[in-house]
Student: 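Before I ask anything, let me first share the structure, which is written out below as structure tokens.
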Amino acid sequence: MELAIFVLPFLLASILYLGTTSAETETFLVGGSIGWAKENNGIWFPSGMIFYEGDSLKFVFNQTYYNVVIVDKPAYDTCRASEAAFEYNSGDDTIPLKKGENFFLCNKSGCCENKMKMKIDAVAGQRPTKRKETGS
Ligand SMILES: *[C@@H]1O[C@H](CO)[C@@H](O)[C@H](O)[C@H]1NC(C)=O
Ligand SMILES: *[C@@H]1O[C@H](CO)[C@@H](O)[C@H](O)[C@H]1NC(C)=O
């Protein structure tokens with residue numbers, strides 16, 4: 001019994017470790033130091049950034065004013081999330097990107113109309129590794 005108590009945390013730790021290193025994915029903070037807030041005026045990332053399928057976006061926000069809802073293009077265009085859309089509201093939410101177009105919006109008290117929406121294109125495949133190949 002004691003063995004199990006000691007072994008389990010190591011087992012979990014190694015699974016997490018593999019999970020973060022086997023794929024070359026990254027997590028990006030939405031809106032930099034200001035976060036997911038209307039003060040960013042709808043500019044969430046520097047232009048020209050390339051996102052890959054499996055990368056994640058971290059939304060940090062004040063739950064009093066904001067949330068994050070995963071939507072489709074019609075909802076994005078009209079600022080109306082369907083009832084079935086998934087809402088994140090912890091104020092510190094990390095959401096993985098799927099391949100292709102990803103649409104997000106905030107639907108609390110008019111925030112979407114204040115440019116609180118975002119479209120991200122994620123390309124297939126993996127980011128070229130930054131590690132220098134040492135040859136074999
Ligand atoms: C969120 O906004 C409310 C109202 O302005 C404020 O009282 C609260 O401290 C804010 N929370 C955070 C985490 O900044
Ligand atoms: C925001 O979207 C969620 C998910 O569809 C929904 O449950 C909620 O009622 C919406 N809130 C408003 C204010 O429209």
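What you see below is based on every heavy atom in this structure, not just the backbone, and it leaves out hydrogens, waters and symmetry mates. Counting starts at 1 for both ligands and their atoms, in listed order.
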Student: Give the protein residues with at least one non-hydrogen atom closer than 4.0 Å to an atom of ligand 2, ordered by chain and number.
Tutor: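 Within 4.0 Å of ligand 2, protein side: A81, S82, E83, A85, N107.
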
Student: Which residues satisfy the ring-ring contact (aromatic ring centres under 6.0 Å, His included) test with Y52, sequence neighbours excluded?
Tutor: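 Y52: no ring-ring contact (aromatic ring centres under 6.0 Å, His included) contacts found.
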
Student: Go through the structure and list residues passing ring-ring contact (aromatic ring centres under 6.0 Å, His included) with Y65, not counting sequence neighbours.
Tutor: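 Y65: no ring-ring contact (aromatic ring centres under 6.0 Å, His included) contacts found.
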
Student: Spell out, with a plain yes or no, whether C106 and C112 have SG atoms under 2.5 Å apart.
Tutor: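 No, because the SG atoms of C106 and C112 are not under 2.5 Å apart, which misses the disulfide cut-off.
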
Student: Does a side-chain heavy-atom distance below 4.5 Å link W36 with D93?
Tutor: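 No; the side chains remain at least 4.5 Å from each other.
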
Student: Measure the shortest side-chain to side-chain distance between F103 and K119 over non-hydrogen atoms and say whether it is less than 4.5 angstrom.
Tutor: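 A side-chain contact under 4.5 Å exists here.
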
Student: What residues, two or more places apart in sequence or in another chain, satisfy salt bridge (charged side-chain N to carboxylate O under 4.0 Å, His left out) together with D55?
Tutor: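 For D55 the salt bridge (charged side-chain N to carboxylate O under 4.0 Å, His left out) partners, ignoring immediate neighbours, are R127.
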
